[in-house]
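What follows is a set of notes on a single structure, which appears directly below.
One-based numbering, in listed order, for ligands and for the atoms of each. These numbers were taken from a predicted model, which means no experiment stands behind them. For reference, positions follow the sequence shown, starting with 1.
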Amino acid sequence: MKSIIVALAGGTGAAKFLRGLVAVVPPEQVAVIVNTGDDALVWGLHVSPDLDTVTYALAGLLDEAKGWGVRDDTFRCLAAMAALGRETWFNLGDRDLGTHLFRTERLAAGRSLTEVTEAIRRALGVRSRLLPASDSPVATRVLTPGGWLGFQEYFVREKARVEVLDVAYGGAETASPAPGVLEAIHAATAVVICPSNPITSIGPILAVPGIAEALASTPARVLAISPIVGGAPVSGPAGKLMAAKGLPVSALGVAQLYRPWLDVLALDRQDERLAPDVAALGIAPLVTGTLMTDRRAEAALARAVVDRLAS
Ligand code: GDP
């Protein structure tokens with residue numbers, strides 16, 4: 001039987017890990033289930049930031065300095081919209097806009113997000129399978145002292161600087177996993193949870209009924225890579241969001257959150273002292289270098305993960 005590694009992914013951290021993964025295993029043997037909780041309507045266009053980040057990364061098109069968007073993109077349309085007085089806090093590059101126009105047009109023509117994602121992946125030459133977690137909308141919202149904000153309002157417009165009291169996944173309880181998601185988890189040789197924000201990247205995937213249950217019941221081993229290193233996220237607001245959910249901001253907090261279905265947690269060497277506490281939760285620790293500072297580090301982490309899953 002063909003061996004398939006199924007990964008659950010958010011944006012920037014996942015993009016680096018997945019680039020490493022397809023450098024050490026054939027890309028056709030990787031399937032990625034991607035968060036859609038960050039999706040937003042911008043100027044009437046359906047933007048799927050995590051799907052785009054993962055797709056661009058695997059297509060070799062990602063702007064690696066920014067961690068999102070297309071490399072060497074221009075922003076002339078954005079400037080034109082600003083001149084017309086439209087809000088431009090959500091940066092969309094000109095080439096990137098092509099993706100959003102295509103997605104919006106195809107969705108309006110009755111295609112599902114799964115079908116559109118597949119069309120974009122093929123057109124950009126991505127050889128791994130990419131699946132949105134759900135075809136129905138799941139909207140991550142963040143409760144601040146001033147009220148509820150959409151995720152992009154919190155993350156991009158407010159630059160994640162406001163206090164967070166709670167996080168919710170609007171529509172998740174009535175959403176279904178996209179076609180192929182549960183089947184992929186059940187048929188996987190191994191499942192990897194990328195180093196992604198546990199609350200706003202992995203959380204919305206787990207909130208779709210059936211996905212957490214599939215992780216618990218799959219015969220495949222499930223391994224997560226901690227996005228928290230040395231008591232803080234490598235980037236982004238994961239720490240504040242985990243604290244808002246009452247979790248310790250550490251690899252141990254990640255282990256507690258994923259405990260119902262997690263077999264192995266990869267944690268950074270600088271967090272080695274947490275390994276016994278992780279083991280005490282019934283999760284096998286894998287202590288390794290998890291800081292993906294360059295291509296070599298990305299591939300080395302992927303190699304350590306693949307070797308552990310094969311052992
Ligand atoms: P967001 O930026 O918090 O919205 O979340 P994403 O899921 O898109 O990706 C960022 C997550 O990846 C953060 O929680 C980071 O801590 C994590 N991350 C980014 N780079 C690395 C890395 O090199 N190593 C590890 N372990 N985590 C990383």
Contact atoms of ligand 1, heavy-atom distance to T290 under 4.0 Å
22 (C), 23 (O), 24 (N), 25 (C), 26 (N)

For S176, does its backbone N or O pair with a side-chain atom of S134 as donor and acceptor, under 3.5 Å?
yes

Tell me which protein heavy atom sits closest to atom 20 (N) of ligand 1, plus the residue, atom name and distance to 0.1 Å.
K16 NZ, 3.0 Å

Please work out whether any backbone atom (N, CA, C, O) or any side-chain heavy atom from C-beta onward of S226 is under 4.0 Å from ligand 1, and answer side chain, backbone, both or neither.
backbone

Does a side-chain N-to-carboxylate-O contact under 4.0 Å join D166 and R141?
no

Using a strict cut-off of 4.0 Å, indicate which atoms of ligand 1 neighbour a heavy atom of F155.
2 (O), 4 (O)

Is a side-chain N or O of T174 found less than 3.5 angstrom from the main chain of G171, in a donor-acceptor match?
yes

For G11, the atoms of ligand 1 under 4.0 Å from one of its heavy atoms are 6 (P), 7 (O), 8 (O)

side-chain contact (heavy atoms from CB on, under 4.5 Å) partner of L58, the single match among L21, L124, L130
L130

Could you tell me how the ring of F151 sits relative to the ring of Y154: parallel (under 30°), tilted (30 to 60°) or perpendicular (over 60°)?
tilted

Which atoms of ligand 1 are found less than 4.0 Å from any heavy atom of G13?
9 (O), 10 (C), 12 (O), 18 (N), 19 (C)

As a check for students: among N197, D294, I225, identify the option with a heavy atom nearest to atom 1 (P) of ligand 1.
N197

Candidates S201, A160, G10, S235; heavy atom nearest atom 6 (P) of ligand 1 found on S201

Should R295 and E64 count as an ion pair when the cut-off is N to O under 4.0 Å?
yes

Is a salt bridge present between D52 and R103, judged by a nitrogen-to-oxygen distance below 4.0 Å?
yes

Evaluate M292 for polar contact with ligand 1, using N/O atom pairs at a separation under 3.5 Å.
yes

Would one find an N or O of T12, backbone or side chain, under 3.5 Å from an N or O of ligand 1?
yes

Residues E118 and R121 bridged, charged N to O under 4.0 Å:
yes

What residue and atom, counting heavy atoms only, is the protein's closest point to atom 14 (O) of ligand 1, and at what distance?
P227 CB, 3.4 Å

Please could you name the atoms of ligand 1 that P233 approaches to less than 4.0 Å, counting only its heavy atoms?
16 (O)

Pull out every atom of ligand 1 sitting under 4.0 Å from any heavy atom of P237, numbered as shown with elements.
3 (O)

For ligand 1, is there an N or O atom under 3.5 Å from any N or O atom of P195?
yes

Testing T53, D39, D38 one by one against S48 for a side chain to side chain donor-acceptor pair (under 3.5 Å), which residue passes?
D39

Fellow cluster residues of L41, listed by chain then number, with links counted only when side-chain atoms sit under 4.5 Å apart:
none

Against ligand 1, does F17 come closer than 4.0 Å with any heavy atom?
no

Examine A238 against ligand 1 and note whether any of their N/O atoms are separated by less than 3.5 Å.
no

Any N/O pair D50/ligand 1 closer than 3.5 Å
no

Mind checking whether V234 has an N or O less than 3.5 Å away from an N or O of ligand 1?
yes

Is it true that E298 and R19 have a side-chain N and a carboxylate O under 4.0 angstrom from each other?
yes

